[in-house]
Amino acid sequence: LNILSVNNFYFYQNQKSNPMKKLTTKIHLILFTALLAGFTSCSDDDDAGMITEESETIADFVASEEEYSSLAEALDRTGLTATLDAEGTYTVFAPNNAAFEAYLGGTAVADVPVEDLTQILLNHVLAVEARASSLATGYVNNLATYADTDANLSMYINVDSDVVTINGGSELEGGANVTATDFEFSNGIVHTVDAVIALPTVATFAVADPIFTQLETALTADASFSFVNTLTSAGTFTVFAPTNDAFADLLAELEISGFGDLDTSVLAAALSLHVVNGANVRAEDLTTGTVTTLGGAIEVDASNATLTDANGRVSTIVVTDVQASNGVVHAIDTVLLPGL
């Protein structure tokens, strides 16, 4: 006979001899059970983070929140409500009404061409579930596409500061800051942003990505330079973008301290050598041979992913297929120079 059995025996005998006490004890047990159930339910809700109905979709959430009425209207107009209401796995960076108003500048959602509006919205959607804890500094592809192809646009996310930024953050034109994270729904995750994320241009990434800080400086080194205007235009470009380390190596090689020590025409010619006009050449489309750039001819070795300038200097492609709305960027480790 163990201790539990002995205790149960005395409890039973005591209840048997005292009916009133037996009734009181039953009431206490019922109350205790109800409280325990309530406590367990609350604990489960707390662990879940944001409390939502298990069947609530991202589209349900957008439709139910007044502050996202512009986003809801845009989704309805483009037919994307059905996409975000269906089964799937998505991450949406959701701009509120104030963000849409600032982006549209007085233009109504109903007046934006459907094709343009569709691409703008898809530029906020990833085809994976990306919680805040899994976001990392670097490029991801969203669901917007380049010029009716299957090449998805890139998005530069930076988590290296107190605020997570997209394409340089809302301080830059076309970028956004993430203001709240991890709203969980049956078909994915919503993070809120403080601005509409514009379709990126080639120049967007030159400004947003810290590995191109020196390239940005070079592109704007002289008031006569029109590189930024060109690379934000509606043209089509392939840019071989030297990294900061590539520019540091160049300055050391030339034994100069900065771009101000370079003749303006030489710097302009060098930068032009990194831009191919009229073609969106992704990594799989690179072919070995001579390529004509805005600054002259370079040689491409597709099998080794290298570029060679007229001086025999070889640069290796180290990052490929950063896709913008007006072209593609590949990062290279050596600055190309015109014939000397």
Side-chain angles (χ1 to χ4, degrees), residues 57-128 130 140-157 165-170 172-180 183 185 187-205 208 232-236 280 323-328:
T57 65
I58 294 172
D60 291 334
F61 165 73
V62 173
S64 67
E65 299 292 326
E66 180 59 32
E67 67 175 315
Y68 295 111
S69 60
S70 294
L71 177 57
E73 180 184 356
L75 291 172
D76 287 345
R77 188 157 184 266
T78 57
L80 291 174
T81 296
T83 300
L84 296 180
D85 197 38
E87 290 184 7
T89 304
Y90 302 101
T91 298
V92 176
F93 297 95
N96 61 16
N97 293 343
F100 265 97
E101 183 178 354
Y103 178 76
L104 295 176
T107 301
V109 170
D111 294 331
V112 181
V114 170
E115 183 177 348
D116 294 343
L117 188 59
T118 300
Q119 289 300 307
I120 291 169
L121 293 176
L122 291 176
N123 196 49
H124 294 72
V125 183
L126 311 182
V128 295
V140 297
N141 291 333
N142 58 50
L143 294 185
T145 55
Y146 168 76
D148 296 324
T149 70
D150 58 359
N152 293 98
L153 297 191
S154 299
M155 172 185 287
Y156 184 75
I157 296 176
T165 62
I166 298 172
N167 291 350
S170 53
L172 300 178
E173 185 176 356
N177 294 344
V178 177
T179 56
F183 296 93
F185 302 96
N187 60 347
I189 300 292
V190 171
H191 308 301
T192 63
V193 291
D194 64 356
V196 171
I197 306 166
L199 299 180
T201 65
V202 167
T204 297
F205 298 122
T232 56
S233 72
T236 303
N280 187 81
Q323 185 66 61
S325 63
N326 66 340
V328 66

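Because the structure is a prediction, the values reported are computed rather than measured.
In terms of modelled atom types and a separation under 3.5 Å, the side chain of Asn167 and the main chain of Ala208 share no donor-acceptor contact. In this structure, the side chain of Gln119 engages the main chain of Thr145 through a donor-acceptor pair within 3.5 Å. For the pair Thr236 (side chain) and Asn326 (backbone), a donor-acceptor distance under 3.5 Å is absent.
Between Asp85 and Asp60 there is a side-chain heavy-atom pair separated by less than 4.5 Å. Side-chain contact between Leu84 and Val62: absent, with no pair of heavy atoms (C-beta onward) separated by less than 4.5 Å. Annotation: side chain of Val196 is not in contact with side chain of Asn123 (no heavy-atom distance under 4.5 Å). Taking 4.5 Å as the limit, some side-chain heavy atom of Ile166 sits within range of a side-chain heavy atom of Val178. Looking at Tyr68 and Thr192, their side chains come closer than 4.5 Å, going by heavy atoms from C-beta outward. Proximity of Tyr103 to Pro95: side-chain heavy atoms (C-beta onward) are nowhere separated by under 4.5 Å. For the pair Gln323/Asn280, a side-chain contact is recorded, criterion being any heavy-atom separation below 4.5 Å from C-beta on.
For the pairing with Thr118, the side-chain contact (heavy atoms from CB on, under 4.5 Å) check across Thr78, Leu75, Val112, Leu143 returns one residue only, Thr78. Across Asn141, Ile189, Val140, a single residue satisfies side-chain contact (heavy atoms from CB on, under 4.5 Å) together with Leu126, and that is Val140.
In Asp148, the CG atom is not crowded: 12 or fewer heavy atoms of neighbouring residues, nucleotides or ligands sit closer than 6.0 Å. Under a cut-off of 6.0 angstrom, the local environment of CD in Glu173 is sparse, with at most 12 non-hydrogen atoms contributed by other residues, nucleotides or ligands.
Closest approach of Val190 to Ile58, counting heavy atoms only: CG2-CG2, 3.8 Å. Thr81 approaches Ala72 most closely through the heavy-atom pair OG1-O, 4.3 Å.
Inspection of the Ser69 and Asn97 side chains reveals an N or O donor paired with an N or O acceptor under 3.5 Å.
Ring geometry, His191 versus Phe93: the interplanar angle falls from 30° to 60°, so the pair is classed tilted.
The structure places CD of Glu101 at 11.5 Å from OG1 of Thr107, a figure rounded to the nearest 0.5 Å. Between the OG1 atom in Thr91 and the CG atom in Asn142 there is a gap of 11.5 Å [rounded to 0.5 Å].
Between Phe185 and Tyr90, the distance from one ring center to the other does not fall under 6.0 angstrom.
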